[in-house]
2 protein chains.
Amino acid sequence: MDNQKISPETRLAQMIAKLKENEFRITPQRYAVLRILAHSEYHPSAESIYEQLIADYPTMSPATVYKTINLLKKNGEILELEFSEMSNRYDGNRPYPHPHMICTQCGAIVDPPMHDFEKLKSKMMEETGFTISSFRLDFFGLCPDCRKE
Amino acid sequence: MDNQKISPETRLAQMIAKLKENEFRITPQRYAVLRILAHSEYHPSAESIYEQLIADYPTMSPATVYKTINLLKKNGEILELEFSEMSNRYDGNRPYPHPHMICTQCGAIVDPPMHDFEKLKSKMMEETGFTISSFRLDFFGLCPDCRKE
DNA sequence: TTATTAGTTGATAATCATTATCTATTCACT
DNA sequence: AGTGAATAGATAATGATTATCAACTAATAA
Ligand SMILES: [Mn+2]
Ligand SMILES: [Mn+2]
Ligand SMILES: [Zn+2]
Ligand SMILES: [Zn+2]
């Protein structure tokens, strides 16, 4: 329903607007992290963001990347995919729960077309008595590239 | 389809049989961990298992609990629910992927009735080109108890 | 039975992603 | 320019899990 792709520039503007709205400063470091997130399709880790930035921002520290990610979390502008065996991954483009396809070989994470989970959620709520506020759905397997080998 | 509850005793016997089949020893420590897992409905953490055992087995160490869990993982007899913000949780009764309801207040994790995900999986495979071998589906919300407050 | 060998336990140290702490720097506003 | 709050970055701390290794146990052989 809301799964149409918006441009990285638009998304970047959205994130900046939200931070400004809540009176956070858009520092060069934050801007750089936000730009990476808005342009990423592959759900980067904090370390991956740091590595992309260290060339252009020699003083950038991992702590700042983590802090910016946490700021975006507090402002509802990023979706965190938690993992315990590997680093967490982030989606700055779709900061709401949605399914993911995760390649167990190369670690790629992509967004499949969003399907309707409302029916499933309602059924679960009825049958368990839970109030559902969020969900996490990951499919694990091999991406087309890794499949070839 | 295979979601009918079997007795803890039967489940315990199954796990023991699998380990013996693969020529692992059933030590008192392993037996104790398996028994807890077979009798648990609440998806315990490693620490929780350890705490339940330390009274009866004063020499039990957390390392042994972790080792037994990993042994069960290698033998396909336990499902690990990974978390990064809290300890991993384990289901020794249903060691195959299935959805979970997770209470964000008290940490309870329960198994809802299993629904058919084959259709959903097929659709995802067609549309993304992935080969899906596994999935993870968590619903987050408030359990009936926490809801009352 | 005793010896041999491999498997297992449990204490301890190591790992590693993430967070906390603290100081220097930058920014917003006077 | 001056003042106070926000931020950056270096560094230490955290905590669940894993690695290491010596002591113990069990299975088998001599
Ligand atoms: Mn995504
Ligand atoms: Mn379960
Ligand atoms: Zn792949
Ligand atoms: Zn609860």
Side-chain angles (χ1 to χ4, degrees), chain A residues 15-16 18-37 43-75 78-90 107 109, chain B residues 15-16 18-37 43-75 78-90 107 109:
Chain A
M15 291 193 283
I16 290 173
K18 172 63 79 70
L19 290 188
K20 281 189 172 167
E21 188 184 317
N22 292 101
E23 297 182 332
F24 293 105
R25 297 177 189 166
I26 307 302
T27 63
Q29 292 90 339
R30 283 180 178 168
Y31 183 87
V33 172
L34 266 56
R35 216 176 59 81
I36 298 269
L37 283 166
H43 304 79
S45 65
E47 190 191 13
S48 156
I49 295 171
Y50 170 74
E51 282 166 3
Q52 289 174 72
L53 291 178
I54 190 63
D56 293 330
Y57 301 78
T59 69
M60 175 71 65
S61 89
T64 297
V65 175
Y66 279 108
K67 281 179 199 159
T68 304
I69 287 171
N70 283 329
L71 184 66
L72 290 171
K73 279 193 342 192
K74 280 196 305 186
N75 285 271
I78 197 171
L79 178 71
E80 182 177 55
L81 301 178
E82 293 180 41
F83 296 95
S84 81
E85 289 186 348
M86 61 182 191
S87 303
N88 292 350
R89 305 281 287 265
Y90 299 92
I109 301 183
Chain B
M15 292 193 280
I16 291 172
K18 172 63 79 71
L19 291 188
K20 281 188 172 168
E21 189 184 315
N22 292 101
E23 298 181 332
F24 293 105
R25 295 177 189 167
I26 308 302
T27 64
Q29 292 90 338
R30 284 180 179 167
Y31 183 88
V33 171
L34 266 56
R35 216 177 60 81
I36 298 269
L37 284 167
H43 303 80
S45 65
E47 189 191 15
S48 157
I49 295 171
Y50 170 73
E51 280 166 4
Q52 289 173 74
L53 292 178
I54 191 61
D56 294 329
Y57 301 79
T59 69
M60 176 71 65
S61 87
T64 298
V65 175
Y66 279 108
K67 280 177 199 160
T68 304
I69 287 170
N70 284 328
L71 185 66
L72 290 170
K73 279 192 344 191
K74 279 196 304 185
N75 285 271
I78 197 171
L79 179 71
E80 182 176 54
L81 301 178
E82 293 180 40
F83 297 96
S84 82
E85 289 186 349
M86 62 183 191
S87 304
N88 292 349
R89 305 281 286 267
Y90 299 93
I109 301 182

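Letters go in sequence order (proteins before strands), and every chain restarts at 1. Just so you know, these numbers use all the heavy atoms, side chains as well, and skip hydrogens, waters and symmetry mates.
Shown for residues 18-27 of chain A: residues whose heavy atoms fall under 4.0 angstrom of DNA chain D, namely F24(A), R25(A), T27(A).
Residue T64(B) places at least one side-chain N or O under 4.0 Å from the OP1 or OP2 atom of dG10(C). For the OP1/OP2 pair of dA6(D) and a distance below 4.0 Å, the side-chain nitrogens and oxygens of R30(A) include no atom meeting the criterion. For T59(B) and dG10(C), the shortest distance from a side-chain N or O to OP1 or OP2 is below 4.0 Å.
Under the rule for a side-chain contact (heavy atoms from CB on, under 4.5 Å), the partners of S87(B) that lie at least two apart in sequence or sit in another chain are S45(B). By the side-chain hydrogen bond (donor to acceptor under 3.5 Å, both in side chains) test, E51(A) pairs with no residue at all, sequence neighbours left out. Not a single side-chain contact (heavy atoms from CB on, under 4.5 Å) links E23(B) to another residue, sequence neighbours left out. Looking at residues two or more places apart in sequence or on another chain, you find a salt bridge (Lys or Arg N to Asp or Glu O under 4.0 Å) between E80(A) and K73(A). Partners of K74(A) according to the salt bridge (Lys or Arg N to Asp or Glu O under 4.0 Å) rule, which considers only residues two or more places apart in sequence or in another chain, do not exist here. Applying the salt bridge (Lys or Arg N to Asp or Glu O under 4.0 Å) test to K20(B) and every residue at least two apart in sequence or in another chain returns nothing.
Residues I69(A) and I78(A) share a closest heavy-atom pair of O-CG2, 4.0 Å.
Rounding to whole angstrom units, CE of residue M60(A) and P of dG9(D) are separated by 6 Å. In this structure, Y31(B) atom OH and dT9(C) atom P are separated by 16 Å, rounded to whole Å. For the pair Q29(A) CD and dA10(D) C1', the interatomic distance rounds to 14 Å; values are reported in whole Å. For the pair Y50(A) OH and dA8(D) P, the computed distance is 15 Å after rounding to whole Å.
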Please report, to 0.1 Å, the donor-acceptor pairs under 3.5 Å made by any side chain of residues 24-34 of chain A, with sequence neighbours excluded.
residue: T27(A); atom: OG1; partner: R30(A); partner atom: N; Å: 3.1
residue: R30(A); atom: NH1; partner: R25(A); partner atom: O; Å: 2.9

With B for base contact, S for sugar-phosphate-only contact and - for none (protein heavy atoms under 4.0 Å), nucleotides 11-23 of chain D reads -----SSB-B---

